[in-house]
There are 2 protein chains.
Amino acid sequence: MALPAESLQSLQQIDLLQGLRAAEQEVVAQAARRCRVEQEASFFQQGDPAVFLYVLLKGRVKLTQLTPEGQEVILRFIAPGEMFGGIAALGDASYPTTAEASKDCLALAWDGQTMTHLMERYPRIALNALKRLAARLQEVQDRYRELATERVERRVARTFLRLIRQAGVKQEGGVLIDLTLSRQDLAEMSGTTLFTVSRLLSRWEREGLIESKRKRVLVCRPHALVAIAEDLPANSPPKEPSEP
Amino acid sequence: MALPAESLQSLQQIDLLQGLRAAEQEVVAQAARRCRVEQEASFFQQGDPAVFLYVLLKGRVKLTQLTPEGQEVILRFIAPGEMFGGIAALGDASYPTTAEASKDCLALAWDGQTMTHLMERYPRIALNALKRLAARLQEVQDRYRELATERVERRVARTFLRLIRQAGVKQEGGVLIDLTLSRQDLAEMSGTTLFTVSRLLSRWEREGLIESKRKRVLVCRPHALVAIAEDLPANSPPKEPSEP
DNA sequence: GAATGTCTTTGCGCTGGCGCAAACAGTCGG
DNA sequence: CCGACTGTTTGCGCCAGCGCAAAGACATTC
């Protein structure tokens, strides 16, 4: 699904431009401005009037939402080739999220008008956008359901599995999640607190499931996490049945 | 936003067909098959291969998700004029949700192929779909954030406010939510349990905020709910500050 | 109108997870 | 090498909300 590579070589790999001829892709790309944003800086803030639709070429973007009280929630990460911030720009709305560069980024940006015209001219673009958006909607819905029905341990396990898919790098000893994520970040991705995450990771480490360093986690036994996420009978049975 | 009326008079009111000429709307509508589904029955079940994109003409549809353990979560209701079930049909995916008629329904249905062609022919349709989908994504994200950060009381208050917007009918004495919703339903819409909802409603009734009958709620003081949802200092101060 | 089923309320006990506070690493700059 | 940060761990107390069980209210059927 997502690109394993961190940077993007060609227009071929842009979701939005799939199925267009190379020449057409060129035309569309020409209509965009390039846009660099360095680590920690942001493309846009939640509430800003939505002007641009972006496609990330290089780097990684963190999409977050802020509660009125200032608490943060991480919605997702964007990998090279994906669009973001986008569809709000087609209407006259404001951005519903904040997009922060979690490493130095390079992106293409079209303003709403331009992109609307391009989509009318090349409906494939709109169709591609629709598909991506639908996939994203589905993902958020799934996570909404998880949050509504599942306990913390499972949700955190799921978060790790997702991270492995997005940024997992095989190593001897397990799969490294190749991102710098604090306990706080993990908590914001799982709908819990940094304390609970910390306690959970400590336990998992004691049980040999993972090895965690500061801001970095190595998953030693990924399918043990799957067992937790799916509530399969784990290898180390957590509890005896009550006496008969 | 949503249509107040329960049934739809003309093609003019279909989100997907906004901005097309009447003749074009006709063509598009002709390509659809009509589809009746009676109360309690379902358009499709979560996991079914996604074939059709629907637009609701009449009735009301409940979109839900089921956990592997069989617990249900209500994602949203669809009012006449809105599309649903849809975008999965453009790819070759399965439906990520279940769509159940919560009253007798009439809908238009296009299969994925047909709709893809229509969108290529009339890009406006794709653009309209994009906007709707974007709005829906944003809504789910907001609710995700609420679920992750806010306590039950607020979430239930928000659920009511949303319901008022979607199906509120003014009456003497307040606003009636003109839907039959059990405590269980309200719980599934708020991410909690029917017990908690019941207790909360009892309290609100004691405080004169609402009047609740079986499967029906009359909101007497809507802006008191807003106060709860936004954590404003309520009119009846819940607590005294601790002594100095 | 008695009987049956569905929905709702409420008491009760329990616990998962929150959140403070304080100690404990690593990391960075000079 | 030292201090100052920033991130992490852990103990501790607490309570919001869960979930059972049992009773009560309302509907529906024959």
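Throughout, protein chains are lettered first and strands after them, A, B, ... in sequence-line order, and every chain is numbered starting at 1.
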[N] OP1/OP2 closer than 4.0 Å to side-chain N/O of [X]:
X: B/Ser202; N: C/dT10; value: yes
X: B/Thr193; N: D/dC18; value: yes
X: B/Thr196; N: D/dC18; value: yes
X: A/Arg183; N: D/dG7; value: no
X: A/Thr192; N: C/dC18; value: yes

Nearest-Å distance, [atom1] ([X]) to [atom2] ([N])?
X: A/Phe195; N: D/dT8; atom1: CZ; atom2: C1'; value: 10 Å
X: A/Arg151; N: D/dG17; atom1: CZ; atom2: P; value: 15 Å
X: A/Leu194; N: C/dG17; atom1: CG; atom2: P; value: 16 Å
X: B/Arg203; N: D/dA16; atom1: CZ; atom2: P; value: 11 Å
X: A/Trp204; N: D/dT9; atom1: CH2; atom2: C1'; value: 16 Å
X: B/Gln184; N: C/dT9; atom1: CD; atom2: P; value: 13 Å
X: A/Glu205; N: C/dA25; atom1: CD; atom2: P; value: 14 Å
X: B/Glu153; N: D/dC15; atom1: CD; atom2: P; value: 17 Å

query = Is there a donor N/O on one and an acceptor N/O on the other, under 3.5 Å, for the side chain of A/Arg214 and the base of D/dT6?
reply =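 Indeed, a donor on one side and an acceptor on the other fall under 3.5 Å apart.
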request  = Return yes if the base of C/dG19 and the side-chain atoms of A/Arg199 contain a donor-acceptor N/O pair under 3.5 Å, otherwise no.
outcome  =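 Answer is yes: a donor-acceptor pair is held.
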ask   = With under 30° as parallel and over 60° as perpendicular, where do the rings of B/Tyr54 and B/Phe43 fit, or are they tilted in between?
value =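 Geometry flag for B/Phe43 against B/Tyr54: perpendicular rings.
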request  = Pick out which of B/Thr196, B/Ile210, B/Leu209 makes a side-chain contact (heavy atoms from CB on, under 4.5 Å) with B/Leu201.
outcome  =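 For B/Leu201, the side-chain contact (heavy atoms from CB on, under 4.5 Å) test succeeds with only one of B/Thr196, B/Ile210, B/Leu209, which is B/Ile210.
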query = Do you see a donor-acceptor pair shorter than 3.5 Å between the side chains of A/Gln71 and B/Thr149?
reply =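 Their side chains do not contain a donor-acceptor pair, so the 3.5 Å distance test is not met.
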task = Select one nucleotide: of D/dG17, D/dT8, C/dC7, the one nearest the side-chain heavy atoms of B/Val152.
result =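 Given the options D/dG17, D/dT8, C/dC7, the side chain of B/Val152 is closest to D/dG17.
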key: Side chain proximity check, B/Leu75 to B/Val140, heavy atoms < 4.5 angstrom   =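 Result no, sub-4.5 Å side-chain heavy-atom pair not found.
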query = Quick check: does any side chain N or O of A/Thr64 sit under 3.5 Å from a backbone N or O of A/Glu72, one acting as donor and the other as acceptor?
reply =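 No.
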task = Determine the contact category for B/Lys213: base if any of its heavy atoms lies under 4.0 Å from a base atom, sugar-phosphate if only primed atoms, P, OP1 or OP2 are that close, otherwise nothing.
result =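 Counting heavy atoms under 4.0 Å across all strands, no contact is made by B/Lys213.
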